[in-house]
Amino acid sequence: MFAHSDLIEHLSHAFQDLFHYPAHHISLQFTKREFNGDYTLTLFQYSKILHQNPEELGHNIGKYLIQTYPQIFASYEVIKGFLNITVADHYLLSKYNNIDENWGILSPNTSGKLILLEYSSPNTNKPLHLGHIRNNALGWSMAEILKTQGHQLIKVNLINDRGIHICKSMLAWLKWGNNETPESSGIKGDHLIGKYYVLFDKEYKKQIEKLLQKGLNKEDAEKQVPIMQEAQDMLRDWEIGKPEIIELWKKMNNWVYAGFDTTYKRMGIGFDKIYYESQTYLLGKEVITKGLEKNIFFKASDNSIRIDLTQDGLDEKVLLRADGTSVYITQDIGTAIQRFTEFSKLSQLIYVVGNEQEYHFKVLFKILEKLAYPQAKECHHLSYGMVELPTGKMKSREGTVVDADDLMDEMYLTAKQITEELGKVNELSDEEKKCLFEIIGIGALKYFILKVDPKKKILFNPQESIDFEGHTAPFIQYVYARIQSLLKKANFTHPSISTPITLQKEEREIIKHLLHIPDVYAEAAQQYNPAIVANNVYDLAKKYNRLYQEYPVLKEPNENIKNFRLHLSYTTALVIKQMLQKLGIDLPSRM
RNA sequence: GGUUCCGUAGCUCAGUUGGAUAGAGCAACAGCCUUCUAAGCUGUGGGUCGCAGGUUCGAAUCCUGCCGGAAUCGCCA
């Protein structure tokens with residue numbers, strides 16, 4: 001199916017016939033631009049095994065290929081230890097004809113797995129920020145990429161809707177809110193809650209300062225802050241289910257969810273299922289007890305239950321406090337097991353969570369393994385680096401965050417400004433324009449994030465706006481829009497290519513690139529890295545631009561060539577669209 | 001201190017299952033719109049691939065040590 005696999009098969013025949021050598025794992029690479037040829041075989045390794053100098057070996061294989069498969073191999077060159085093979089135009093074209101809208105995408109099949117991917121997972125006490133944008137973009141995109149490999153994905157969000165942080169916002173709202181609501185204030189729900197979270201923190205700091213002035217040391221002061229004690233009391237009331245607290249909690253959480261939904265929708269992401277920590281935080285205790293009976297865990301002298309992972313290069317970890325209450329990892333064990341039960345065919349869990357929690361997930365997966373869950377070995381933490389500002393890490397409480405909604409607004413405005421300056425779409429309706437600016441702005445933002453290897457941290461400078469030129473989404477979207485314009489002018493109906501033609505170098509470059517796309521998806525999935533798709537689709541767009549600049553399409557006098565170029569343009573746009581959609585980026589038909 | 005990750009052009013990043021002269025974008029400079037959308041194309045300049053060893057015919061890529069940065073090693077989540 002892929003361009004390479006049959007070429008490699010023929011090469012392997014060559015080794016067999018010529019040298020009776022069973023060559024496995026032959027790897028072909030693209031020939032570098034400065035040499036003649038399409039695919040290159042490196043000869044050194046074989047020259048050693050077969051006791052033949054590379055030059056001679058190269059000629060032997062090259063001749064064999066051309067004589068045995070003249071319809072596939074056109075010519076070859078041996079330079080130093082490299083065999084550069086040029087394949088025939090009609091071979092490339094016959095492969096090219098297989099490309100359709102599902103190119104590189106396997107339909108759900110028997111080897112496909114059922115995978116649950118958890119991402120986003122926000123707290124309900126503050127709005128989403130740039131860090132969440134990275135998480136959301138990565139999570140969504142990773143799910144789409146895994147689907148190309150025939151897997152079935154369940155995307156879930158685990159919302160952290162309980163705990164002291166929510167009580168802080170609730171308390172501040174009770175004290176100073178005057179019954180302010182999103183409706184009465186016109187403030188988006190999550191932002192409104194965030195406002196009270198900040199207010200709490202201000203008051204908290206003020207009170208600490210007072211205590212310090214009274215002569216308390218820092219540690220005691222932090223323990224005695226009245227407002228913090230009030231928040232603790234509120235958490236206790238919440239836990240025993242005091243009706244007015246629960247009601248307030250529900251009301252304020254609903255404001256937040258409405259706000260999140262707006263942001264998610266604008267980002268173009270979604271979930272198949274939403275879990276709430278308030279419903280899962282007690283899970284896991286039972287498992288701990290069972291594990292204790294099986295001696296996987298042990299009771300420490302202080303009555304807390306722990307696991308000793310020192311043999312596995314980790315530490316001793318508490319799983320249940322002495323008073324029987326659960327800790328963070330207890331509920332993660334619980335939810336994992338609950339999911340294995342809930343979806344019996346589930347074979348993999350993927351968690352999209354920042355790299356600060358790498359240790360946590362190592363421990364979690366190890367515990368699941370010790371508890372003899374076969375899925376444990378398939379669990380994966382898609383860990384990503386922090387988004388940092390020139391001033392350092394973003395901190396919600398100190399207001400040094402780049403707000404997700406604000407940033408998207410800014411991207412929209414930049415897209416609007418640039419588009420209007422260029423003045424190419426003036427006759428579009430206001431509604432169409434709005435839609436276009438959104439596609440360009442949000443696309444630029446997502447691409448900015450997704451093109452970077454997830455494990456690297458991203459430095460975001462609010463002073464410098466995100467580019468719309470060069471290695472960006474708008475660049476790729478522009479290629480697509482141009483092609484749509486060509487197709488429209490030509491009334492293109494994509495007939496198949498049957499007439500033999502001679503390909504230009506730029507055309508071969510594009511075809512070879514397109515033929516390689518299935519490998520790109522496979523690699524991105526295998527490495528859990530959407531950046532591979534992001535960088536590759538840029539290369540494709542770049543190659544098309546070279547062709548576009550150099551050769552006419554509609555104005556090409558030869559009808560066969562004209563039709564072929566139109567078809568190649570159409571196919572390129574098709575694949576670009578597919579690839580960008582894997583990144584969650586939309587495409588405009590004009591821009 | 002232990003563990004993990006990162007260090008490539010002035011800046012932002014590709015390239016790491018070992019292969020040819022290390023590639024893009026931004027920024028700078030010089031060209032290309034009476035020809036299919038110039039958010040584009042072409043060219044110039046810019047590199048001790050953190051440092052030092054090692055393995056190899058061949059190392060940005062693998063191994064060891066060191067330097068610099070980040071995260072983590074909570075009965076916080």
Side-chain angles (χ1 to χ4, degrees), chain A residues 25 27 29 31-35 40 42-45 47-48 54 79-82 84 121 123 160 162-165 277 281 300 302 304-306 313-315 317-323 325-332 354-360 362-363 383 385-386 388 393 415 418-419 421-422 424-425 440 444 448 451-453 455-461 464 466-479 481-487 489-490 523 531-532 534-536 538-539 541-542 544-556 562 565-566 569 590-591:
Chain A
H25 309 297
S27 90
Q29 47 213 152
T31 301
K32 290 208 161 198
R33 274 188 101 197
E34 51 272 32
F35 299 96
T40 294
T42 314
L43 298 161
F44 300 103
Q45 44 192 320
S47 118
K48 214 174 186 179
I79 298 171
K80 293 192 202 167
F82 301 91
N84 297 333
S121 306
N123 289 346
N160 184 356
R162 64 165 286 276
I164 192 72
H165 50 273
E277 255 191 55
Y281 81 110
D302 67 351
S304 63
I305 296 174
R306 308 178 179 208
L314 302 167
D315 299 274
K317 186 90 188 165
V318 170
L319 303 178
L320 216 53
R321 295 190 188 99
D323 64 4
T325 55
S326 50
V327 293
Y328 181 48
I329 200 155
T330 321
Q331 58 169 305
D332 261 355
N355 61 11
E356 59 207 351
Q357 293 200 39
E358 273 172 10
Y359 181 76
H360 169 78
K362 262 185 202 160
V363 172
S383 163
M386 296 290 104
E388 287 178 19
K393 278 186 80 170
I418 294 175
T419 309
E421 273 169 18
L422 292 169
K424 296 179 192 173
V425 292
I440 296 172
F448 172 78
K451 73 172 175 182
V452 182
D453 188 322
K455 63 182 179 235
K456 291 194 178 183
K457 69 174 181 200
I458 290 182
L459 189 78
F460 177 81
N461 188 346
E464 300 165 15
I466 292 173
D467 276 327
F468 283 65
E469 284 171 17
H471 190 179
T472 65
F475 174 98
I476 304 166
Q477 290 168 326
Y478 183 64
V479 170
R482 265 176 162 180
I483 293 175
Q484 297 315 306
S485 161
L486 281 182
L487 298 177
K489 281 189 179 152
E523 201 190 340
I532 291 172
N535 287 305
N536 191 276
Y538 170 72
D539 289 339
K542 187 95 185 148
Y544 182 83
N545 266 347
R546 277 201 267 265
L547 175 74
Y548 182 90
Q549 207 76 27
E550 188 102 9
Y551 298 94
V553 178
L554 301 179
K555 292 185 176 157
E556 166 61 44
K562 176 182 158 184
R565 290 206 181 126
L566 264 172
S569 302
R590 306 183 44 181
M591 67 186 278

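Lettering follows sequence order; numbering is per chain, from 1. Since the model is a prediction, treat every value here as computed from it, not as a measurement.
Straight-line distance from the CD1 atom of A:Ile476 to the C1' atom of B:rG40: 14 Å, rounded to whole Å. We find that CG of A:Leu486 is positioned 10 Å from P of B:rC36, with the value rounded to whole Å. When rounded to the nearest whole Å, the span between CG of A:Asn461 and P of B:rC26 equals 18 Å. Straight-line distance from the CD1 atom of A:Ile418 to the P atom of B:rA38: 17 Å, rounded to whole Å. Distance CD1 (A:Ile483) to C1' (B:rG40): 13 Å, rounded to an integer number of Å. If you take CG of A:Asp539 and C1' of B:rG25, they are 11 Å apart, rounded to a whole angstrom. We find that CD of A:Gln549 is positioned 11 Å from P of B:rC36, with the value rounded to whole Å. Nucleotide B:rU37 holds its P atom 11 Å from the CG atom of A:Leu487, rounded to whole Å.
Checked against B:rA24, B:rC73, B:rA14, the side chain of A:Asn535 finds its nearest nucleotide in B:rA14. For A:Phe44, the listed nucleotide lying nearest its side chain is B:rG19; candidates were B:rG19, B:rA71, B:rA14. For A:Tyr328, counting side-chain heavy atoms from C-beta on, the closest listed nucleotide (B:rA77, B:rC73, B:rG69) is B:rA77. Across B:rC36, B:rC41, B:rU72, the shortest atom-to-atom separation from the side chain of A:Asn545 is found for B:rC41. Comparing B:rA38, B:rA77, B:rC36 by their nearest atom to the side chain of A:Arg482 picks out B:rA38. You'll find that the side chain of A:Tyr478 is closest to B:rA38, out of B:rA38, B:rA77, B:rC41.
In this structure, A:Glu277 and A:Arg162 approach most closely via the heavy-atom pair O-CD, 3.9 Å. Smallest separation of non-hydrogen atoms from A:Met591 and A:Gln477: SD-C, 3.6 Å. Shortest non-hydrogen contact noted between A:Ser569 and A:Ile483 is O-CG2, 3.3 Å. In terms of heavy-atom proximity, A:Asp467 sits nearest to A:Thr472 at O-CG2, 3.5 Å.
Interatomic distance, CD1 of A:Ile476 versus OH of A:Tyr544, reported as 15.0 Å (0.5 Å rounding). With rounding to the nearest 0.5 angstrom, the CD atom of A:Glu469 is 11.0 Å from the OH atom of A:Tyr478. Note that CG of A:Asn84 and CD of A:Gln29 are 9.5 Å apart. Values are rounded to the nearest 0.5 Å. A distance of 5.0 Å separates CG in A:Asn545 from CZ in A:Arg482, rounded to the nearest 0.5 Å.
Residue contacts shown for A:Met386 are absent, as no nucleic acid heavy atom lies under 4.0 Å away. Residue-level contact check: A:Leu319 touches neither bases nor backbone, having no heavy atom under 4.0 Å from any strand. Using a 4.0 Å heavy-atom cutoff across all strands shown, A:Arg546 reaches sugar-phosphate atoms only and no base atom. Residue contacts for A:Asp453: at a heavy-atom cut-off of 4.0 Å it reaches the sugar-phosphate backbone alone, with no base atom in range. Among the heavy atoms of the strands lying under 4.0 Å from A:Ala481 is at least one base atom, whether or not backbone atoms are also near. Base engagement by A:Thr419 is indicated by at least one non-hydrogen atom pair under 4.0 Å involving a base atom. Using a 4.0 Å heavy-atom distance criterion, A:Tyr551 is classed as a base contact.
Atom name P, nucleotides B:rG68 and B:rA22: the rounded distance is 30 Å, in whole Å. Taking atom P on both nucleotides, B:rA9 is separated from B:rA52 by 16 Å, rounded to a whole Å. The P atoms of B:rG46 and B:rG10 are separated by 11 Å, rounded to the nearest whole Å.
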List, with names and distances, any nitrogen or oxygen atoms from the protein found under 3.5 Å away from nitrogen or oxygen atoms belonging to nucleotides 20-23 of chain B.
{"from": "B:rA20", "atom 1": "OP2", "to": "A:Lys32", "atom 2": "NZ", "distance (Å)": "3.2"}
{"from": "B:rA20", "atom 1": "N6", "to": "A:Thr40", "atom 2": "OG1", "distance (Å)": "2.9"}
{"from": "B:rA20", "atom 1": "N6", "to": "A:Asn84", "atom 2": "OD1", "distance (Å)": "2.9"}
{"from": "B:rA20", "atom 1": "N1", "to": "A:Asn84", "atom 2": "OD1", "distance (Å)": "3.4"}
{"from": "B:rA20", "atom 1": "N1", "to": "A:Asn84", "atom 2": "ND2", "distance (Å)": "3.2"}

* Would you mind building the protein contact string for nucleotides 5-12 of chain B? One character per nucleotide, 5' to 3', B for base within reach (heavy atoms under 4.0 Å), S for sugar-phosphate only, - for untouched. => SSS-----
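Across all strands shown, the partner of B:rU12 is B:rA24, judged by Watson-Crick or G-U wobble contacts whose two distances both fall under 3.5 Å. Base-pair partner of B:rG68: B:rC6 (Watson-Crick or G-U wobble, both distances under 3.5 Å).
Of the side-chain N and O atoms in A:Arg306, none sit less than 4.0 angstrom from OP1 or OP2 of B:rG74. Using a 4.0 Å cut-off, some side-chain N or O of A:Lys489 falls inside it from OP1 or OP2 of B:rU37. A:Ser485 has no side-chain polar atom (N or O) that falls below the 4.0 Å cut-off from OP1 or OP2 of B:rC36.
Judged by distance alone, the side chains of A:Ser383 and A:Glu356 never bring a donor and an acceptor atom under 3.5 Å apart. Side chains of A:Gln357 and A:Tyr328: a donor-acceptor N/O pair is present below 3.5 angstrom, by distance only.
Aromatic ring centroids of A:Phe468 and A:Phe475 lie 6.0 Å or more apart.
Here B:rC32 is in the anti range [glycosidic angle more than 90° from 0].
A residue-by-residue look at A:Asn355 and A:Arg162 shows that A:Asn355 has its nearest nucleotide of RNA chain B further toward the 5' end. Both A:Ala541 and A:Leu554 lie near RNA chain B, and the one whose nearest nucleotide falls closer to the 5' end is A:Leu554.
When atom types are taken as modelled, the side chain of A:Thr330 and the backbone of A:Leu319 share a donor-acceptor pair closer than 3.5 angstrom.
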